[in-house]
Amino acid sequence: MEKQTVLVLDFGGQYNQLIARRVREHNVYCEVKSYKTPIDEIRAIKPKGIIFTGGPKSVYLADSPRMDKEIFSLGVPILGICYGAQFMVYGLGGEIGAASDDAAAEFGRTDCEMKTDSPLFKGLKKKSVVWMSHNDYIKKLPAGFRSVAHSDKCPYGAIENADKKFYGTQFHPEVNHTEQGFDMLGNFLKNVCGCVGDWTMENYAATATRELKEKIGDGKALLALSGGVDSSVACKLLANAIGGQLTCIFVDHGLMRKNEGDEVEAAFADSGVNFVRVNAGKRFLGKLAGVADPERKRKIIGEEFIRVFEEEAKKIGKVDYLVQGTIYPDVIESGLGDAAVIKSHHNVGGLPGYVDFKEIIEPLRLLFKDEVRALGTALGLSDNLVWRQPFPGPGLAIRIIGDITPEKVAILQDADAIFREEIAAAKLDRSINQYFAVLTDMRSVGVMGDERTYDYTLALRGVSTTDFMTADFSRIPYDVLEKISTRIVNEVKHINRIVYDITSKPPATIEWE
Ligand code: XMP
């Protein structure tokens with residue numbers, strides 16, 4: 001059966017990614033495209049349904065986003081959300097009012113009553129809370145439409161033209177505050193568009209593998225493997241498609257977490273790809289000797305990474321394709337694909353320009369992070385790799401405050417390993433989004449077995465976050481912290497004091513450097 005696609009047309013709303021995620025949570029494949037996408041391109045996709053997102057503008061402004069009205073003649077079901085609904089009304093001859101004139105603006109949780117004979121609300125409770133966020137409002141419906149939901153202030157909370165399969169909501173069904181929003185979207189996808197919900201990562205893996213095989217043919221591909229989720233999943237996918245034509249270069253800078261280099265190697269050594277592990281620990285630590293400034297550390301590591309990668313790539317010779325682990329949020333955030341090439345360089349801190357490749361392949365560019373994880377599982381990657389928390393490119397170098405020595409790296413690796421072990425044992429490893437130890441350069445007095453000690457203070461950090469742009473410190477139970485603290489001071493030499501970081505981001509950052 002042909003792949004069923006729903007198009008999310010972006011009118012500049014703040015929730016466009018969220019809409020796409022919700023659609024995919026219904027196992028329906030969707031893509032986010034700009035409202036500027038030419039009608040012929042939209043027609044060629046043969047979408048099962050189209051969703052217009054919200055947007056910040058009023059439809060009457062000269063520069064507000066509008067698209068060709070032919071969109072309404074494609075015979076494709078449409079759901080307009082907020083601005084999207086207003087654009088639909090405006091485009092089909094209805095009228096939009098400015099709330100400032102009529103005091104009809106609504107923001108936040110709003111009680112709403114729905115008509116459950118509409119396919120959009122079938123099987124749902126009649127009354128529930130929805131999330132409103134609008135200044136303008138629908139004043140007069142176009143011909144053929146009726147109101148199917150209303151709030152106190154808003155007679156047209158949701159509208160339908162059942163014949164044409166056009167729907168609009170003044171509220172945002174995609175946000176969690178809209179109590180039945182997820183089911184409303186499901187109703188649109190299934191009852192209105194006829195989507196069957198067969199988008200699964202097993203299907204994706206099979207299709208992507210076939211497409212990659214066709215594209216690459218007998219060419220050669222190169223991938224910079226960091227051991228993070230994205231590059232690991234990309235590697236596995238490519239390995240299945242082209243096996244020995246792929247070479248993965250894993251630069252072990254000696255600043256990985258305990259045993260991590262070996263774990264990455266074990267996961268890929270027998271995968272049928274050419275796996276090159278470059279043990280460059282001495283080289284990196286040599287360059288970093290005596291350097292305490294965080295920015296200098298980052299710069300040195302970034303540059304050295306490129307040098308090592310270049311040297312290895314040269315040994316392999318001419319490669320046709322460079323594989324990058326770019327994922328969908330990067331694509332959406334960087335302007336719906338316009339900036340893809342910039343991102344591909346960004347991923348590995350600037351890849352060498354001279355590596356003679358024809359094209360960049362980004363096999364995950366349409367997937368969200370949770371889908372990448374699900375794909376990894378479908379491809380048989382271990383939980384260890386699939387659920388790996390984010391790890392900064394410069395590794396432990398930016399978790400050792402002050403200058404870096406091999407001894408300090410070993411101390412931090414051991415302490416961090418215990419922290420991670422105990423967090424996993426307490427079954428907190430999936431609820432805390434990132435957690436790690438930091439070796440500070442502060443020493444203090446302690447007493448151990450009647451002896452005076454003068455040793456390092458270790459800081460523990462655990463945060464909960466969805467986007468890593470803001471974060472709250474995790475409330476790890478005291479008894480878990482106590483166990484971690486006791487184990488670390490007993491098992492790791494040169495640490496005699498442990499503190500827990502209780503700052504959020506902002507004002508702190510997640511990492512200490
Ligand atoms: P901060 O410390 O800025 O970190 O709050 C936000 C997230 O980014 C990760 N991070 C990095 N990741 N290269 C990376 O690939 C880096 O140089 C880098 N610095 C920070 C950090 O671990 C957190 O998840």
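Heavy atoms only: backbone and side chains are in, while hydrogens, waters and symmetry mates are out. One-based numbering, in listed order, for ligands and for the atoms of each.
Near Gly393, the atoms of ligand 1 lying under 4.0 angstrom from a non-hydrogen atom of the residue are 13 (N), 14 (C), 15 (O), 16 (C). Heavy-atom proximity to Pro390, at under 4.0 Å, picks out these atoms of ligand 1: 24 (O). If you number the atoms of ligand 1 from 1 as listed, the ones under 4.0 Å from a heavy atom of Lys505 come out as 1 (P), 3 (O), 5 (O), 6 (C). When each atom of ligand 1 is checked for a heavy atom of Arg298 under 4.0 Å away, the hits are 16 (C), 17 (O), 18 (C), 19 (N). Within ligand 1, counting atoms from 1 as listed, the ones closer than 4.0 Å to a heavy atom of Thr509 are 1 (P), 2 (O), 5 (O). Below 4.0 Å from some heavy atom of Pro394 lie the following atoms of ligand 1, by number and element: 13 (N), 16 (C), 17 (O).
By the 4.0 Å N-to-carboxylate-O rule, Lys505 lies too far from Asp472 to be salt-bridged with it. The existence of a salt bridge linking Asp416 and Arg257 is excluded, since no basic side-chain nitrogen approaches an acidic carboxylate oxygen closer than 4.0 Å. Salt bridge status for Glu265 with Arg277: present, with a side-chain N to carboxylate O gap under 4.0 Å.
If you check which protein heavy atom lies closest to atom 24 (O) of ligand 1, you get Gln434 OE1, 2.7 Å. For atom 2 (O) of ligand 1, the closest heavy atom belonging to the protein is Glu511 N, 2.8 Å. Shortest contact from atom 11 (C) of ligand 1 to any protein heavy atom: Pro392 CB, 3.5 Å.
A donor and an acceptor atom, one from each side chain of Thr503 and Asp501, are located under 3.5 Å apart.
Both tests do not hold together for Arg307 against Phe309: distance to the six-membered ring centre under 6.0 Å, angle to the ring axis within 45°.
A ring-centre distance under 6.0 Å is found for Phe182 and His26.
Once rounded to the nearest 0.5 Å, the distance linking CD of Glu311 with CD1 of Ile316 reads 12.0 Å.
Not a single N or O atom of Phe468, backbone or side chain, sits closer than 3.5 Å to an N or O atom of ligand 1.
For atom 8 (O) of ligand 1, no protein non-hydrogen atom is found at a distance below 4.0 Å. There is a protein heavy atom less than 4.0 angstrom from atom 21 (C) of ligand 1.
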Q. What's the verdict on ring pair (Phe, Tyr, Trp, His ring centres under 6.0 Å) for Phe419 and Phe436, showing C-alpha distance, side-chain angles and the deciding distance?
A. CA-CA 7 Å; Phe419 184 28; Phe436 52 88; 8.2 Å; no

